[in-house]
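The structure appears below as structure tokens.
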Amino acid sequence: MYDIYRNDRGDAWRYTLGKAGKNPLIAIGLNPSTATQEKADTTVAKVEQVAINNGHDGFIMLNLYPIRATDYRELPSKVNPTAFAKNLDAIEEIVRTQAKPVIWAAWGTSVAYHPYFIDARDQLFTRLSTYKPKWLHFGDLTANGHPRHPSRLSYDWKFSPYTP
């Protein structure tokens with residue numbers, strides 16, 4: 001079903017998932033849940049539909065942290081340094097391959113739950129600036145200024161520039 005897929009540790013860690021295209025939308029969420037190479041979950045299905053609705057011919061789902069959990073609160077309180085580093089490298093590799101990268105910041109308010117989520121976000125802003133990506137958010141920002149997570153989106157929303 002998906003021709004972009006990179007995982008590790010028996011699929012307990014997922015770095016990339018998506019459909020190739022000449023103009024893909026890169027979405028960066030919080031952490032992977034249940035989507036696999038063969039089957040979407042709610043978040044991935046919505047990301048794919050938003051990409052199509054907004055003129056993209058592919059999408060790539062990435063996350064601030066690669067360890068799977070259906071609830072981010074179930075993730076360990078301390079970062080796994082190997083997972084963290086491999087994930088940032090995988091994201092940079094994807095962005096580097098795009099002529100004009102378009103990145104949808106899609107991590108939601110839960111980004112504040114674990115300090116390593118914020119650390120990953122901040123490191124990505126710095127690392128990816130070399131590639132001059134166009135950062136976007138979908139719908140209004142939350143009350144505390146975070147981009148909304150795709151799981152509760154409305155397809156009527158629009159993209160707006162996101163300033164890291």
Side-chain angles (χ1 to χ4, degrees), residues 1-7 13-37 39-66 68 72 84-112 116-164:
M1 178 170 178
Y2 297 112
D3 56 352
I4 299 171
Y5 197 77
R6 184 170 163 206
N7 65 348
W13 300 0
R14 189 189 78 215
Y15 305 110
T16 61
L17 178 148
K19 287 187 178 176
K22 292 181 181 173
N23 179 31
L25 176 63
I26 299 168
I28 302 179
L30 197 63
N31 69 285
S33 182
T34 60
T36 66
Q37 191 168 13
K39 180 179 162 268
D41 61 13
T42 302
T43 300
V44 169
K46 288 186 174 191
V47 166
E48 183 174 11
Q49 191 59 54
V50 167
I52 292 166
N53 292 354
N54 286 274
H56 295 273
D57 62 352
F59 78 97
I60 305 168
M61 184 77 221
L62 309 169
N63 289 283
L64 295 176
Y65 197 61
R68 288 183 185 274
Y72 62 91
F84 187 87
K86 283 183 154 186
N87 189 56
L88 294 182
D89 289 346
I91 292 171
E92 185 173 3
E93 180 181 322
I94 289 289
V95 172
R96 180 177 49 242
T97 66
Q98 305 303 310
K100 293 183 179 180
V102 177
I103 302 175
W104 172 9
W107 42 77
T109 58
S110 303
V111 71
Y116 53 81
F117 289 148
I118 297 288
D119 188 24
R121 180 199 66 187
D122 294 348
Q123 285 194 43
L124 285 173
F125 289 155
T126 301
R127 285 175 75 156
L128 302 181
S129 66
T130 302
Y131 310 103
K132 300 183 178 14
K134 179 179 182 181
W135 285 92
L136 303 172
H137 68 90
F138 195 61
D140 294 334
L141 294 174
T142 66
N144 33 1
H146 296 296
R148 295 188 182 276
H149 189 274
S151 64
R152 294 179 181 87
L153 63 76
S154 166
Y155 292 115
D156 294 332
W157 292 352
K158 302 288 181 216
F159 277 112
S160 299
Y162 183 67
T163 305

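A salt bridge does not link Lys86 to Glu93: none of the charged side-chain nitrogens sits closer than 4.0 Å to a carboxylate oxygen.
The two residues Ala105 and Pro147 make their nearest non-hydrogen contact at O-CB, 3.1 Å. Heavy-atom minimum distance, Thr36 versus Leu17: O-CD1, 3.5 Å. Residues Lys19 and Asp3 approach most closely at CA-OD1, 3.1 Å, considering heavy atoms. Nearest heavy-atom pair across Pro133 and Ile103 is CB-CD1, 3.5 Å. Contact between Ile60 and Gln98 at its shortest, heavy atoms only, is CD1-NE2, 4.3 Å. For the pair Pro66 and Pro32, the tightest heavy-atom approach, listed with the atom from each and the gap, is O-CG, 3.2 Å.
From Leu62, atom CG reaches atom CH2 of Trp107 across 11.0 Å, with rounding to the nearest 0.5 Å. Here the straight-line distance linking atom OG1 of Thr43 with atom CD of Glu48 works out to 13.0 Å at 0.5 Å rounding. Atoms OH and CG, from Tyr15 and Asn63 in turn, are 12.0 Å apart once rounded to the nearest 0.5 Å. Taking OH of Tyr72 as the start and OG of Ser33 as the end, the distance is 13.0 Å to the nearest 0.5 Å.
Judged purely by atom type and a 3.5 angstrom limit, His137 uses its side chain to pair as donor or acceptor with the backbone of Gly139. Side-chain atoms of Thr16 come within 3.5 Å of backbone N or O of Arg6 as a donor-acceptor pair. Using modelled atom types, no side-chain atom of Gln37 and backbone atom of Tyr5 make a donor-acceptor pair closer than 3.5 Å. The backbone N or O of Ala35 sits less than 3.5 Å from a side-chain atom of Asp41, completing a donor-acceptor pair.
Note on residues 121-131: pairs passing salt bridge (charged side-chain N to carboxylate O under 4.0 Å, His left out), not counting sequence neighbours, are Asp89-Arg127, Glu92-Arg127.
Aromatic ring pairs are classed by plane angle as parallel below 30°, tilted from 30° to 60° and perpendicular above 60°; the pair Tyr65 and Phe117 is perpendicular.
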How far apart are the C-alpha atoms of Asn87 and Trp13, what are their side-chain angles, what is the distance that settles it, and do they pass the side-chain contact (heavy atoms from CB on, under 4.5 Å) test?
-> CA-CA 9 Å; Asn87 189 56; Trp13 300 0; over 6 Å; no
side-chain contact (heavy atoms from CB on, under 4.5 Å) evaluation trace for Ile4 with Phe59 | CA-CA 9 Å; Ile4 299 171; Phe59 78 97; over 6 Å; no
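Residues passing the side-chain contact (heavy atoms from CB on, under 4.5 Å) test with Asn23, sequence neighbours excluded: His56, Asp57.
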Output side-chain donor-acceptor pairs under 3.5 Å for residues 150-164, partner residues at least two apart or in another chain, one line each.
residue, atom, partner, partner atom, Å
Ser151, OG, His149, ND1, 3.0
Ser154, OG, Asp156, N, 3.2

